[in-house]
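Atoms within each ligand, like the ligands themselves, are counted from 1 in listed order. Side chains included, hydrogens not; waters and symmetry mates left out as well; all remaining heavy atoms used.
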Amino acid sequence: MSKDLTSFFKENYKNKNLYFDEYMDNCLYSKFGFFNTEVVRSSKEGDFLTSPEVSEYFGLIIANFINEKINDGDILEVGAGTGSLAEEIVKHVDKNLYLLESSKTALANLKNKKFQAEEKLEKFSDKNIDIIYMNELLDNVPCAIGVNKDDKWYEKIINTNKEKFEYDLAEIREENYEWIKKYNLQPMEGIELEIQLNSEKLLNSFIDIFNPKYFLIFDYGYEYKDRDKKPYASLIRTYKEHHLSSEPLELPGETDITYDVNFTFVEKYFESKGYKVELMLQTNFLDKYGFENIYKKLKQNYQKFSDIEKLKIKSQLVGLEAIHNERGLGGFYTLVAEKI
Ligand SMILES: C[S@@+](CC[C@H](N)C(=O)[O-])C[C@H]1O[C@@H](n2cnc3c(N)ncnc32)[C@H](O)[C@@H]1O
């Protein structure tokens with residue numbers, strides 16, 4: 001895999017800049033990309049475990065949110081992965097659920113499971129979508145990298161002409177510079193900036209087509225005011241088989257390239273589009289929409305039932321605790337945007 005992508009980059013970017021977002025896009029979503037190989041990556045057999053894979057109650061709690069917020073209208077999940085979350089949501093919500101998934105492997109699997117799933121958003125343009133939700137999607141949307149030197153912004157590019165790929169700096173593209181200014185992201189000494197213009201474009205396409213009442217977004221991330229507390233120059237990292245992996249340029253197509261989402265940008269984005277935004281930790285979202293009741297009931301059942309049942313309930317309790325624990329998945333951010 002890696003060899004195919006390496007020669008693709010070498011041939012196509014001999015005489016033009018390869019910006020990091022283009023590199024990341026190809027590494028994840030091209031024919032030879034990470035998300036288009038045999039396994040669905042967000043599964044036990046894959047490379048990382050997400051909240052819906054860890055606990056079925058993540059879906060139940062999101063269903064509680066949906067049922068509280070809307071009476072009619074349909075729902076769209078973006079980046080549905082294995083479909084575990086969707087499977088739980090449809091058990092508890094009596095509305096049409098549509099899935100968007102750009103990985104061909106994952107899409108085929110979702111269609112096998114009889115979901116209404118598509119790769120292209122336009123396929124759903126006649127639907128009346130009131131809630132769009134996504135878990136661990138934005139951290140996989142290709143970003144560019146801004147570097148500030150002597151008060152001037154540059155962009156990281158990848159030099160593919162040497163034996164090993166290397167970073168270089170180039171003049172920043174105008175729209176990326178505008179993005180930094182728009183969100184007033186001041187440079188910080190020794191810190192690179194993940195430029196999430198592609199996320200903005202993706203969110204724009206949802207609003208343009210559906211103008212939904214709600215967005216519900218879960219992901220790992222940070223607020224820009226706290227950026228300097230993170231001890232890394234770059235927030236970009238890679239995963240392979242459930243472990244942190246190599247430097248992003250080392251194994252193109254073989255690792256998941258991801259980064260912490262800048263929730264200050266996401267918050268400002270939705271406010272600028274006429275949404276009221278609530279930003280909280282995942283643990284607080286779970287508390288707000290029913291964690292305590294579910295947890296108590298499981299504990300009571302644990303006391304009541306026999307050995308085999310006990311084992312099952314124990315594993316459900318462990319999963320529920322894992323998505324709630326602030327030092328783990330519970331420490332992720334949840335953003336609720338409501339159209340005003
Ligand atoms: C980290 S996985 C998370 C999967 C699932 N949401 C979960 O929580 O287990 C990200 C998923 O988003 C998909 N994806 C990335 N960009 C997308 C886009 N623009 N539209 C639809 N799906 C996308 C990827 O193919 C991948 O399956």
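Counting heavy-atom neighbours within 6.0 Å of Asp94 CG, excluding the residue itself, gives a total of 12 or less.
Geometrically, ligand 1 and Asp139 share no nitrogen or oxygen pair separated by less than 3.5 Å. Among the atoms of Asn140, none of the N or O lies under 3.5 angstrom from an N or O of ligand 1. Distances between N or O atoms of Glu77 and those of ligand 1 include no value under 3.5 Å. At least one N/O-N/O distance between Thr50 and ligand 1 falls below 3.5 Å.
Within the 4.0 Å heavy-atom shell around ligand 1 one does not find Phe218. Note on ligand 1: Leu85 sits outside its first shell, no heavy atom being nearer than 4.0 Å. In this structure, Val141 falls outside the shell of residues with a heavy atom less than 4.0 angstrom from ligand 1.
Contact annotation: for Asn135 versus ligand 1, heavy atoms closer than 4.0 Å belong to both the backbone and the side chain. At a heavy-atom distance under 4.0 Å, no atom of Ala106 approaches ligand 1.
Counting only non-hydrogen atoms, the option in Phe35, Phe34, Tyr239 that gets closest to atom 26 (C) of ligand 1 is Phe35. In the candidate list Ser51, Ala86, Gly79, Ala80, Gly79 is nearest to atom 6 (N) of ligand 1, counting heavy atoms.
Which parts of ligand 1 touch Leu137 is read off a 4.0 Å heavy-atom cut-off, strictly below it: atoms 12 (O), 14 (N), 15 (C), 16 (N), 17 (C), 23 (C). Remark: ligand 1 atoms within the under-4.0 Å shell around heavy atoms of Tyr29 are 15 (C), 16 (N), 25 (O). Residue Leu202 has at least one heavy-atom neighbour below 4.0 Å for each of these atoms of ligand 1: 19 (N). Within ligand 1, the atoms closer than 4.0 Å to a non-hydrogen atom of Pro52 are 7 (C), 8 (O), 9 (O), numbered from 1 in the order shown.
A cation-pi arrangement, defined by a distance under 6.0 Å to the six-membered ring centre and an angle within 45 degrees of its axis, is absent between Lys273 and Phe270. In this structure, Arg173 is not positioned above the aromatic face of Tyr154 in the sense of NZ or CZ being under 6.0 Å from the six-membered ring centre and within 45° of the axis. Figure legend: cation-pi geometry between Lys339 and Tyr214 absent, as NZ or CZ is not positioned both under 6.0 Å from the six-membered ring centre and within 45° of its axis. Because its NZ or CZ atom is both nearer than 6.0 Å to the ring centre of Tyr167 and within 45° of the ring axis, Lys156 counts as a cation-pi partner of that residue.
Contact record, Phe215 with Pro212: CE1-CG, 3.4 Å, taken as the closest heavy-atom pair.
Considering only heavy atoms from C-beta on, Thr283 stays 4.5 Å or farther from Thr334 through its side chain. Put simply, the side chain of Tyr19 does not reach to within 4.5 Å of the side chain of Ile158, judged on heavy atoms.
Using a 4.0 Å cut-off between charged nitrogen and carboxylate oxygen, Glu178 and Lys182 do not count as a salt-bridge pair.
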